[in-house]
Every structure is written in structure tokens, then in C-alpha cells.
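Report on the following structure.
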Amino acid sequence: MSTVALVPAAGRGERLGFGMPKAFVPVRGTALLAHAVRGLLDAGCVRHVVVAAPPADLAATTALLKAAGLPAMVVAGGADRTASVGLALRHALQVIPDTRVVLVHDAARAFTPTSVIQAVVAAVEAGARAVIPVLPMADTVKQVDAEGTVLTTPDRACLRVVQTPQGFDAATLAEAYALADSATDDAGLVEKLGIAVTTVPGHPYAMKVTTPFDLAIAEAVLAAQEGK
């Protein structure tokens with residue numbers, strides 16, 4: 001039975017200001033997407049990777065991964081993240097019939113430690129239908145109304161920051177996407193089915209690169225991982 005990782009990478013990355021898809025933005029000379037795919041494959045538990053790329057950049061994405069020596073299938077992404085994951089999932093289930101575990105991993109979380117990836121896969125293999133890596137909240141969080149007035153202060157002891165990869169039993173994720181509308185994460189779609197979502201510890205290195213400030217932190221994270 002195979003573990004397949006889906007990597008939605010069709011975002012334009014406008015907040016980074018590079019004038020290119022976010023997945024192509026370099027960190028220490030290598031594109032975020034290549035870092036992300038390499039991390040998945042280096043975990044040793046992912047057999048296949050399917051990348052959902054911008055439709056206009058399919059050839060460029062394929063060439064980028066080939067130049068980096070990274071085996072991955074590339075499909076056209078959709079109008080938003082949910083659509084991109086749905087298209088990648090459909091492709092994976094069609095061409096990899098023995099798929100048992102499906103990971104969904106943001107290309108922008110390119111430096112997620114392999115230990116986190118392994119923990120997510122292990123939890124699904126142990127019987128969990130949906131698994132997400134999380135971190136405790138360090139900051140106080142306020143719920144506000146449309147005018148910005150504070151309504152309440154949730155107890156941060158019960159709050160978690162969600163990361164990727166998120167892992168699923170293949171049949172569960174397929175069921176969720178058959179009924180999907182839109183969600184900021186894939187576990188949210190599974191929650192709508194009334195299925196329990198399990199958590200495992202995340203890691204600060206699994207941060208999402210969205211802004212130039214994040215990119216500077218990513219440079220430092222990669223330097224630390226490489227011991228340089």
C-alpha cells in the first residue's frame with residue numbers, strides 16, 4: 001500500500017513580491033517547491049508525490065523538479081487551494097490504485113522536519129482517519145466583530161496552530177472532497193463529515209512562507225538544518 005503526498009503549489013505568491021509563483025521562489029538558491037518535495041521523499045515513508053501547479057507553468061514546474069532530481073507527477077491546479085488538492089487527489093487515485101495514506105502538504109512549508117512527516121503517516125497507519133500536526137498558541141488571541149471590537153478572549157490552552165502535512169486515510173479524504181465546498185485546510189473538510197481529527201506535535205520549522213519576513217526566517221531555518 002502506498003503513501004502519496006499531494007502538494008498544492010498553484011499560488012501566485014503576490015505578497016512575496018517576486019513576480020513569480022510562490023513555489024518557484026528560491027531559498028538559498030533552490031525553489032521552495034524543490035525543498036518541499038525533497039523533504040517529503042527524504043522522510044522515507046512517502047512513495048509518490050503529486051504537485052498541483054499553475055496551469056500556465058506545468059512545463060516549468062516539471063523542468064524545475066527534473067533539474068533537482070526529484071521524481072514527482074505534475075498536474076494542473078485549480079482556482080483555489082481546495083480545487084488544486086481535489087485535482088491532485090483525483091489524479092493520484094486514478095494512477096496509483098494502491099494508495100492507502102494521503103498527505104496534503106503546502107509547498108510554502110518547505111522545511112517541515114522529516115520527523116513530523118513520519119509521525120503523521122504513522123498515526124494514519126495506526127488507524128486514525130485524519131491527522132494534523134499542531135503547535136500550542138504562544139500569543140493571546142481575541143475574537144473580534146466586523147468593526148474590530150473585542151467579543152471574547154478564547155482560552156489559548158485549548159487552541160492550536162495547524163501545520164502540514166495533514167494525513168488521511170485515502171477513502172476518508174476522497175469522501176470529504178466528493179462533498180467539498182471550500183476550507184482553509186483539508187482537515188476542515190473531514191470535520192464536516194463528523195470524523196474525528198487526531199493531532200501530533202508539529203515543529204516551528206514547519207512555518208509557512210508567505211511574506212518577505214517569512215522568507216528571511218526560512219533562510220535561517222535552512223541554514224540551521226544544513227548546519228551552516
Side-chain angles (χ1 to χ4, degrees), residues 5-8 11 13 15-16 22 32 36 39-40 43 80-86 101-169 171-173 175-177 179-218 220-221 224-225:
L6 314 179
V7 183
R15 281 178 285 180
L16 276 176
K22 183 193 294 187
L32 276 170
L40 289 164
D80 59 22
R81 185 185 187 282
T82 302
S84 291
V85 174
V101 178
V102 179
L103 303 182
V104 184
H105 188 45
D106 296 328
R109 297 186 188 273
F111 308 107
T112 300
T114 56
S115 59
V116 174
I117 299 167
Q118 292 162 352
V120 171
V121 172
V124 178
E125 290 179 337
R129 296 178 67 181
V131 181
I132 58 175
V134 300
L135 290 176
M137 288 290 299
D139 299 321
T140 297
V141 177
K142 302 287 186 181
Q143 181 180 357
V144 301
D145 62 19
E147 286 71 42
T149 302
V150 172
L151 299 176
T152 185
T153 304
D155 180 3
R156 70 181 182 187
C158 300
L159 300 176
R160 297 293 183 270
V161 176
V162 180
Q163 301 179 322
T164 71
Q166 299 186 357
F168 306 91
D169 170 83
T172 296
L173 191 61
E175 181 182 358
Y177 266 87
L179 303 172
D181 42 23
S182 185
T184 56
D185 77 331
D186 304 282
L189 298 175
V190 172
E191 290 167 34
K192 293 178 181 180
L193 300 177
I195 295 172
V197 177
T198 300
T199 65
V200 297
H203 194 284
Y205 284 3
M207 56 167 286
K208 187 175 184 180
V209 177
T210 302
T211 68
F213 179 74
D214 299 331
L215 194 61
I217 296 175
V221 166
Q225 288 180 330

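Values below: every heavy atom of this structure, side chains too, minus hydrogens, waters and symmetry copies. Since we're looking at a predicted model, the values are computed, not measured.
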[atom1]-[atom2] distance between [X] and [Y], expressed to the nearest 0.5 angstrom:
| X | Y | atom1 | atom2 | result |
| --- | --- | --- | --- | --- |
| D214 | M207 | CG | CE | 4.5 Å |
| L151 | K142 | CG | NZ | 11.0 Å |
| T164 | L40 | OG1 | CG | 8.5 Å |
| L173 | L103 | CG | CG | 10.0 Å |
| D145 | T152 | CG | OG1 | 12.0 Å |

*In a check of side-chain contact (heavy atoms from CB on, under 4.5 Å) between T199 and each of V162, L135, I132, which one passes?*
I132

*Are V190 and R129 close enough, and set up right, to give a side chain to side chain contact (heavy atoms under 4.5 Å, CB included), and what steps lead you there?*
CA-CA 9 Å; V190 172; R129 296 178 67 181; over 6 Å; no

*asked:* Pair K192, L179 - check side chain to side chain contact (heavy atoms under 4.5 Å, CB included), show working.
replied: CA-CA 9 Å; K192 293 178 181 180; L179 303 172; over 6 Å; no

To check you understand the geometry: which heavy-atom pair defines the closest contact between [X] and [Y], and what is its length?
| X | Y | answer |
| --- | --- | --- |
| P154 | L159 | CB-CD1, 3.9 Å |
| R160 | R156 | NH1-O, 4.1 Å |
| A187 | F168 | N-CZ, 3.7 Å |
| G202 | P133 | CA-CB, 3.9 Å |

_Check D186 with R81, please: is the shortest side-chain N to carboxylate O separation under 4.0 Å?_
yes

_Using modelled atom types and a 3.5 Å cut-off, is there a donor and acceptor pairing between side-chain atoms of Q163 and backbone atoms of H203?_
yes

_Can you pull out every ring pair (Phe, Tyr, Trp, His ring centres under 6.0 Å) where at least one residue sits in residues 117-158? Sequence neighbours excluded, please._
none

Show the atom names and distances, to 0.1 Å, of all donor-acceptor pairs under 3.5 Å that link a side chain in residues 108-126 to residues at least two apart or in another chain.
{"residue": "R109", "atom": "NE", "partner": "D106", "partner atom": "OD2", "Å": "3.4"}
{"residue": "R109", "atom": "NH1", "partner": "A206", "partner atom": "O", "Å": "2.9"}
{"residue": "T112", "atom": "OG1", "partner": "R109", "partner atom": "O", "Å": "3.0"}
{"residue": "Q118", "atom": "NE2", "partner": "A43", "partner atom": "O", "Å": "2.9"}

